[in-house]
Amino acid sequence: MTDPLLDGLNPEQREAVTLPDQNALVLAGAGSGKTRVLTSRIGWLIREGRATPGSILAVTFTNKASREMLSRIESVLKVNTRGMWVGTFHGLCNRMLRVHAADAGLPSGFQIIDQADQLSVVKRVMKSAGIDKETIEPKIVQHFINQHKEAGERSSDIRSLDARTPNGAVSLELYRLYEKLCMAEGVVDFAELLLRSYELLQRNELIRRHYERKFSHILVDEFQDTNVLQYRWLKTLAGYGIPGMAREPGITNSIFAVGDDDQSIYAFRGANVKNLTDFTRELGVDHVVRLEQNYRSTGHILDAANALIGNNTGRLGKNLWTDSGKGEKLRVMPTGSGEAEAQFVANEIEAEHLRGRKYEDFAILYRSNAQSRALESILMSAGIPYRIYGGHRFFERAHVKDALAYLRLVENPNDNTAFLRAVNTPTRGIGAKTLEGLSAAAETAGVSLMTAAKNSPTKAAAFSDLILNIRDKIADLPLVEAVKVVIESSTLRAAVEAADKKEHTAKAEDLDEIANAAAAFLKNAEIDEKTPALLPVSEDELSPLSAFLALATLEAGDNQSEAGADAVQMMTVHAAKGLEFPVVFITGLEENLFPHASAMRENGDSGLEEERRLMYVAITRAKRRLYLSYAAVRFINGQRQDEMPSSFLDEIPQEHLEWLADPQAASRESWASSSGSWGRGGDEPHRGRASYGHWGERRSDSESRGSGDRGTFTGNAYTWSPKGKDASYNGSKDEPLLKKRKAGPDGWQAGQHVKHPKFGKGVIVSVIDSGDMTKLQVAFVGGGVKQLLAKIAKLEKI
DNA sequence: TAGACGGCTCTTTTT
DNA sequence: GAGCCGTCTA
């Protein structure tokens, strides 16, 4: 008998899929078929009559993951998934709050603000409270607020403050004012979605009972990434939520959680791995299933990942294995600079592409978004198509947010954040002074800025008229038309076109794209099932515009439209979680970059362990081939930095590594490309690190390898010749951006003594010509070494 | 009083 | 490279 749901599952997977209706935990290693288990479980529950689509709630962390899950469910099940609640925590909470806005104490058209908007609200609160940012940084206040919300604490719940909290009392007062302001303006931040929804369930018995009865099966993906509040939210939904209160009779809900402590990479956002153990203890989980067979990667890749993660402490313990053979070793490439590294990646991809591999089979991963730039420019000049996930996302682009601000303001005139953004974009002669007056007037009268503007004699009154006008105009228009009208009437489009003809296309296109996004949104819009009449539901119909704006903030736009094109995929390691690729490049493997310095600075060893888990996630994305690369020198924010290879490289046993070049040569090259390595002389910058010995040992290997078609190693240059095409790679010769210059175009020269109006006397230690700008590195007598733009800095030769 | 612009400082990950 | 702040000009 064949069973399409269970065939092909290994015994553990099958056990997980067919577990009885009890709380259960599946510890699923990377690549162990976790998503398959989740979707099969849902299919099985429905097929066996244990659940209906409407009784299932499945929650994930990213929009990508929830889309993936939905589409897989749909392909497994020939069932209508409409009634199923599948989404991110934030998405599901939003959905719940829209239905019960009144009960949750929110206006029916409440708007969601993203992190950047939240920060600007905090700044406004601080301003009106008369607290300057020298006293306390707005970001710290923002962090304070979010941290407490994620722990389920309102400002009124905070009884005592951690002595380590800087300006605790001030932060607390600002938190209180922030809550008040958000309420007055009808906006809700990310953490608030969770907290509101949780409080609603806690306080409103009718609503809680409704959802308890409704969701008999709750499935949670990436459980290790839940924070305290999310865990409590889940418990509440499952009927365990009210402290001291027994489960309602007849409630037999169960939580099916899937997680992997080794892939917990969101502690910085309040995720709490302890939830895994708390869950098993508190909810009496006696079914823990371990999935350890990996179906994704080959042996060397897995062994490397296992060895690395073995250095973490306090793991639940798990060892991935595969029966798909050893495969290739991990290829390590030391390079002289970030550009050389990017060039290497481009060369490898192009060579493989010539052999018939598709571009989409490659993923380039990096620790931080900023690293994508160097890679991008090289890929672009190499003519390799690429696609970047995350990064500067569509709805977060400045001009797109400007347009959204108009939409928000039209929808909700109380939204002062939107008002402040839109009022002078494009410029209308409304400056700080006007706004100050407006704010004061609004505050005394207890009205919104919009109202204050309307009654003021300033130019802002015209702006208010404009918004009201637009409001009238679009009142009866369908969403897409309305969006178009708002963008036209705001004159944003005209302004963007006038601003600079160069960018005209991209930005104007983005603005047009908003209307397209609205159309796409309508197409996908799920019609919420009718909530049973016994519930006290707000009868206000949610406007399509509100719903669209919420989605824009929650999904910020992972450009789905570009899918399908054959392109190399680029993303941060965080964004890569849950994905897999035949060939993966992990770039920027440098100490302080990956692992990132700030992770360790803030959280010490636990920070390092999280970075290690991140590296583990990165490694386990690769199916067939994995490259690890780093640069001896990298420009970080215009600053040239000497880099040390990542300690993670030392944590992978050499038997799994194949070095593609001599690390010492790579670092020499970087020295050659910069003049005046002051004070360091000819020192080997990387001496003393364990891994380098191995290159020496392996040298003869490389010679024999040179006979193949892959690559040869000569001197300090790595050269490769794909079939039919002769390409060579040599950092010092072909480095496109960084050139050694004895003297810059304006006669600047290393060794030249100079004087700066602010920093005083100094000496030029290096002249760097990067593209069209000449940068000077100057060591000042006072001690600091500064990087200055020759064109701009008022340097005087002395 | 607005707006442009030079120049400084700080760099992480995301719903 | 980008955002923020202070300064200069209209």
Side-chain angles (χ1 to χ4, degrees), chain A residues 59-66 87-94 112-116 118-119 123 133 137-139 146 150 188-194 222 225-227 230 264-271 365-374 389-393 395-396 398 424 426-437 458-459 550-551 553-556 558 571-577 588 592-603 607 610-611 613-614 617-618 635-639 641 756-759 770-771 773 775 784 786-789 791-794:
Chain A
V59 59
T60 62
F61 272 84
T62 65
N63 298 300
K64 212 187 276 173
S66 72
T88 63
F89 276 103
H90 295 86
L92 296 175
C93 288
N94 176 48
I112 303 167
I113 54 172
D114 67 13
Q115 201 122 321
Q118 183 187 34
L119 189 61
K123 284 180 183 163
K133 49 188 173 314
E137 271 178 64
K139 278 208 165 149
N146 288 336
E150 278 158 11
V188 162
D189 61 48
F190 286 138
E192 183 73 23
L193 285 171
L194 263 307
E222 311 278 16
D225 286 333
T226 52
N227 63 32
Q230 288 162 338
S264 158
I265 56 174
Y266 285 104
F268 72 91
R269 202 169 82 186
L365 308 185
Y366 34 83
R367 176 64 179 83
S368 67
N369 281 304
Q371 288 166 251
S372 70
R373 229 164 267 278
Y389 289 88
H392 212 175
R393 298 141 102 203
F395 284 113
E396 286 167 0
N424 206 30
T427 55
R428 299 190 170 87
I430 301 167
K433 218 59 190 180
T434 310
L435 290 176
E436 225 164 80
T458 64
K459 286 175 181 158
L551 194 89
T553 310
L554 284 174
E555 296 203 9
D558 324 285
M571 68 198 81
T572 63
V573 180
H574 282 89
K577 185 153 84 152
N592 295 332
L593 185 57
F594 196 3
H596 201 280
S598 35
M600 276 122 65
R601 197 181 321 121
E602 284 160 27
N603 295 306
E610 175 143 322
E611 294 290 301
R613 290 192 293 271
L614 199 52
V617 168
F635 270 86
I636 296 177
N637 308 314
Q639 284 282 339
Q641 302 228 304
H756 187 273
K758 195 163 175 185
F759 305 124
S770 55
M773 298 201 284
K775 287 182 179 177
K786 301 266 177 199
Q787 185 106 25
L788 304 165
L789 285 179
K791 259 198 294 199
I792 294 168
K794 291 170 185 138

Worksheet, complete the sentence: Rounded to whole Å, the CG-P distance (A/N369 to B/dT13) equals 5 Å
Discussion item. Between A/E611 and A/R367, is the salt bridge (Lys or Arg N to Asp or Glu O under 4.0 Å) condition met? List the steps.
Written reply: CA-CA 9 Å; A/E611 294 290 301; A/R367 176 64 179 83; 2.7 Å; yes
Worksheet item: Out of B/dT14, B/dA2, B/dG3, which nucleotide sits closest to the side chain of A/T434?
Response: B/dA2
Item to complete: Kindly point out which of B/dG3, C/dC4, B/dT14 is positioned nearest to the side chain of A/Y266?
Response: B/dT14
Worksheet entry | Nearest-neighbour nucleotide for the A/H596 side chain, B/dT13, B/dT15, B/dT12 considered | B/dT12
Discussion item. So, does A/R373 get its side chain near the phosphate of C/dA2, meaning an N or O under 4.0 Å from OP1 or OP2?
Written reply: yes
Worksheet item: Checking all strands, does A/A432 fall into the base, sugar-phosphate, or nothing category for heavy-atom contacts under 4.0 angstrom?
Response: sugar-phosphate
Worksheet entry | Passing option when A/F89 is tested against A/F61, A/F190, A/Y266 for ring pair (Phe, Tyr, Trp, His ring centres under 6.0 Å) | A/F61
Practice prompt. Select from A/F190 and A/E611 the residue whose nearest nucleotide in DNA chain B is closer to the 5' end of that strand.
Written response: A/E611
Discussion item. Using side chain to side chain contact (heavy atoms under 4.5 Å, CB included), reason through A/L554 and A/L193 one step at a time and then give a plain yes or no.
Written reply: CA-CA 11 Å; A/L554 284 174; A/L193 285 171; 3.8 Å; yes
Worksheet entry | Between A/Q118 and A/D189, a side-chain donor and acceptor under 3.5 Å | yes
Between protein and nucleotides 5-10 of chain C, what N or O pairs are separated by less than 3.5 Å?
unit_1 : atom_1 : unit_2 : atom_2 : d
C/dC5  : OP1    : A/K133 : NZ     : 2.8

Discussion item. Measuring only between side-chain heavy atoms, which start at C-beta, is A/N227 closer than 4.5 Å to A/R269?
Written reply: no
Item to complete: For A/Y389 and B/dT13, give me the distance from atom OH to atom P, rounded to whole Å.
Response: 18 Å
Worksheet item: Heavy atoms under 4.0 Å, any strand shown: does A/T553 hit a base, just sugar-phosphate, or nothing?
Response: nothing
Worksheet item: If you pin A/H574 and A/I430 to their nearest nucleotides in DNA chain B, which one's is more 5'?
Response: A/I430
Discussion item. Regarding A/T88, tell me which of base, sugar-phosphate or nothing describes its non-hydrogen contacts under 4.0 Å with the strands shown.
Written reply: sugar-phosphate
Item to complete: Write down the atom of A/M600, the atom of A/P595, and the distance for their closest heavy-atom approach.
Response: SD-CB, 3.6 Å
Worksheet entry | Residue A/K433, side-chain heavy atoms: nucleotide from C/dG1, B/dT1, B/dT15 that is nearest | B/dT1
Practice prompt. Using whole Å, report how far CG of A/L614 lies from C1' of B/dT14.
Written response: 12 Å
Discussion item. Can you measure A/Q230 atom CD to B/dT15 atom C1' for me and round it to whole angstrom units?
Written reply: 9 Å
Worksheet item: Which part of the nucleic acid does A/N424 contact within heavy-atom distance under 4.0 Å: base, sugar-phosphate only, or nothing?
Response: sugar-phosphate
Worksheet item: Do the side-chain N and O atoms of A/H596 and A/S598 include a donor-acceptor pair separated by under 3.5 angstrom?
Response: yes
Item to complete: Measure from the side-chain heavy atoms of A/N63 and tell me the nearest of C/dG1, B/dT14, B/dT15.
Response: B/dT15
Worksheet item: Which part of the nucleic acid, if any, lies within contact of A/F89, taking any heavy atom under 4.0 Å across all strands shown: a base, the sugar-phosphate backbone alone, or nothing?
Response: nothing
Fill in: Length of the CE-C1' vector between A/M571 and B/dT12, whole Å
17 Å
Worksheet item: Counting any heavy atom closer than 4.0 Å, what does A/E610 reach on the DNA or RNA strands: base, sugar-phosphate only, or nothing?
Response: nothing
Practice prompt. Check whether any side-chain heavy atom of A/H574 lies under 4.5 Å from a side-chain heavy atom of A/F268, and answer yes or no.
Written response: yes
Fill in: Interatomic distance where CD belongs to A/E396 and P belongs to B/dT13 [whole Å]
11 Å
Worksheet item: A/T62 side chain N/O closer than 4.0 Å to the phosphate oxygens (OP1, OP2) of B/dT14?
Response: no
Worksheet item: Is A/K459 touching bases, backbone alone, or none of the nucleic acid, heavy atoms closer than 4.0 Å?
Response: nothing
Discussion item. Using the side-chain heavy atoms of A/H90, tell me which of these nucleotides is nearest: B/dT12, B/dT15, B/dT14.
Written reply: B/dT15
Worksheet item: If only side-chain N and O atoms of A/K577 are considered, is one of them under 4.0 Å from the OP1 or OP2 phosphate oxygen of B/dT15?
Response: no
Worksheet item: How close or far is atom P of C/dG3 from atom NZ of A/K139, stated in whole angstroms?
Response: 11 Å
Worksheet item: What is the distance from CG of A/D225 to P of B/dT13, rounded to the nearest Å?
Response: 17 Å
